[in-house]
*Asks:* 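Here it is, the structure in full.
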Number of protein chains: 2
Amino acid sequence: MSNKNRQQALQLVKQLCQQRGLKLTTKRSNILQLMLTEKKGLSTYDIVDSYLAQYHQKISPVSVYRMLGFLIVEKLVHKISSNSQYIVCSHITCSHSHQMPLFLICNNCNQVEEVDAANELPAALEKNIVSTGFQLQNKALELHGICQICKNI
Amino acid sequence: MSNKNRQQALQLVKQLCQQRGLKLTTKRSNILQLMLTEKKGLSTYDIVDSYLAQYHQKISPVSVYRMLGFLIVEKLVHKISSNSQYIVCSHITCSHSHQMPLFLICNNCNQVEEVDAANELPAALEKNIVSTGFQLQNKALELHGICQICKNI
DNA sequence: AATGAAATGTTATAACATTGCATTTTATGC
DNA sequence: GCATAAAATGCAATGTTATAACATTTCATT
Ligand SMILES: [Zn+2]
Ligand SMILES: [Zn+2]
Ligand SMILES: [Zn+2]
Ligand SMILES: [Zn+2]
């Protein structure tokens, strides 16, 4: 994300936190900024390292977990559970709500692209499981493969 | 899985290993049997505990990882990466090959049901990602929710 | 300034996974 | 049968991801 877009995103998040009565503390903000500069998924410990590099300040993994927890609850960040990494929600700059995000995770470069399930996909999925009586809760799909950039290298 | 079906599955796996020139050692077989008795996903360490309880013999986590690795390579076992658990492939008793398995994982009881994507689902998924240039590799979908049994409790 | 709630720090530990090397088991050629 | 090599397993150490328990700091409210 470009510097300008990052500033804009941060501004919007600030507003949003104010609306919700939440505190976007310096460290929470720093972590979010840090994540906004990356299109890649980051592990908790990646963030710890990156935080030190960027802000010349140590932060403990425990704190990072807690701050990620905060950001996830507020739907600003997603956890990619298949590889224990975290990304900023692609909808952070818009009010757009999710229905069924698809995470396209590159096994080569770790980039994660978040797109929305469109057309008949949600219905097709539902149709596939309705006979089992299973009730879907987490509707995000984590898809692993090779991104366009890596494919063309 | 019933005792009879388990014996049958084991018999088939034995044959299959012979065909492929693989050794289904006692411990590998024990682990597979152990997993066949469960519809739940098991973690590596669950298997360590269960192995001790069933066979009165200690086995190290490292060994379990290796044996799971063997079973996964041979497509007899799946890893559910979103919760680090392992299940026997539902197709173990048939020659049926996968195209796109759906793992329906109960967040309450941990049961995993493996069903095959049917009808327009694979095509719908492909249609959703084709414009991104992303090339899907691992086509399994891990879906979290509540199973029928837990829903009705 | 006193108070209390939220955030953050600190330490320990749980849970999941891999590496490297030693030993045992098994298959194979002589 | 026996030597040899390869495969499987054991074992110790370490790495990675995550949470629990408790202490301290920060900050708004009174
Ligand atoms: Zn999102
Ligand atoms: Zn890539
Ligand atoms: Zn399967
Ligand atoms: Zn259940």
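Proteins get letters first, then strands, A, B, ... in listed order; numbering begins at 1 in each.
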*Asks:* CD1 of A:I47 versus C1' of D:dT17: gap in Å, rounded?
*Replies:*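 These atoms are roughly 13 Å apart.
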*Asks:* Between B:K79 and A:K27, name the one whose nearest nucleotide on DNA chain C is closer to the 5' end.
*Replies:* A:K27
*Asks:* Are more than 12 heavy atoms, taken from residues, nucleotides or ligands other than A:E126, located less than 6.0 Å from that residue's CD atom?
*Replies:*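 Yes - once you tally the heavy atoms of other residues, nucleotides and ligands closer than 6.0 Å, there are more than 12.
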*Asks:* With respect to the phosphate group of D:dA8, does any side-chain polar atom (N or O) of B:S63 fall under 4.0 Å of OP1 or OP2?
*Replies:*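 Checking D:dA8 against B:S63, no side-chain N or O comes under 4.0 Å of OP1 or OP2.
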*Asks:* According to a strict under-4.0 Å criterion, is B:T44 in side-chain N/O contact with OP1 or OP2 of C:dA17?
*Replies:*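 Affirmative; the distance criterion is met.
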*Asks:* Rounded to whole angstrom units, what separation is found between the CG atom of B:L22 and the C1' atom of D:dA8?
*Replies:*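 Roughly 13 Å, once rounded to whole Å.
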*Asks:* Salt-bridge test for B:E120 and A:K127: reply yes if a basic N is under 4.0 Å from a carboxylate O, no otherwise.
*Replies:*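 Yes.
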*Asks:* Starting at CZ of A:R66 and ending at C1' of D:dA20, how long is that distance when rounded to a whole Å?
*Replies:*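 Going from A:R66 (CZ) to D:dA20 (C1'), I get 10 Å.
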*Asks:* Rounding to a whole Å, what distance do you find between B:R28:CZ and C:dT25:C1'?
*Replies:*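 Rounded to whole Å, this separation is 12 Å.
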*Asks:* In terms of side-chain heavy atoms of A:V62, which of C:dT8, D:dA8, C:dT10 is nearest?
*Replies:* C:dT10
*Asks:* What integer distance in Å separates B:N110:CG from C:dA15:P?
*Replies:*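 The answer, rounded to whole Å, is 14 Å.
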*Asks:* So does B:Y45 reach the base of C:dA17 with its side chain, donor to acceptor, closer than 3.5 Å?
*Replies:*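 Looking at the base of C:dA17, it does pair with a donor or acceptor on the side chain of B:Y45 (distance under 3.5 Å).
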*Asks:* Using whole Å, what does the distance between atom C1' of nucleotide D:dT17 and atom CD1 of A:I72 come to?
*Replies:* 13 Å
*Asks:* List the steps and the verdict of side-chain hydrogen bond (donor to acceptor under 3.5 Å, both in side chains) for B:S81 and B:E142.
*Replies:* CA-CA 8 Å; B:S81 48; B:E142 301 185 9; 3.1 Å; yes
*Asks:* Less than 4.5 Å apart, any side-chain heavy atom of A:L141 and any of A:L125?
*Replies:*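 Sidechains of A:L125 and A:L141: in contact.
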*Asks:* At under 4.0 Å, does any side-chain N or O of A:Y86 touch on OP1 or OP2 of D:dA18?
*Replies:* yes
*Asks:* OP1 or OP2 of D:dT16 versus the side-chain N and O atoms of A:S84: is any pair under 4.0 Å?
*Replies:* no
*Asks:* If you compare every side-chain N and O of B:S60 against the phosphate oxygens of D:dC11 (OP1, OP2), does one of them come in below 4.0 Å?
*Replies:* no
*Asks:* Name the closest nucleotide to the A:T25 side chain, picking from C:dT8, C:dC16, D:dG10.
*Replies:*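 The answer is C:dT8, which lies nearest to the side chain.
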*Asks:* Determine whether the aromatic ring centres of B:H98 and B:H78 lie less than 6.0 Å apart.
*Replies:*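 Aromatic pair counts; centres sit under 6.0 Å.
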*Asks:* Return the value, rounded to whole Å, for the distance between atom OH of A:Y65 and atom P of D:dA21.
*Replies:* 17 Å
*Asks:* Would you kindly give the CD-to-C1' distance between B:Q57 and C:dT24, to the nearest whole Å?
*Replies:*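 Value for this atom pair: 14 Å.
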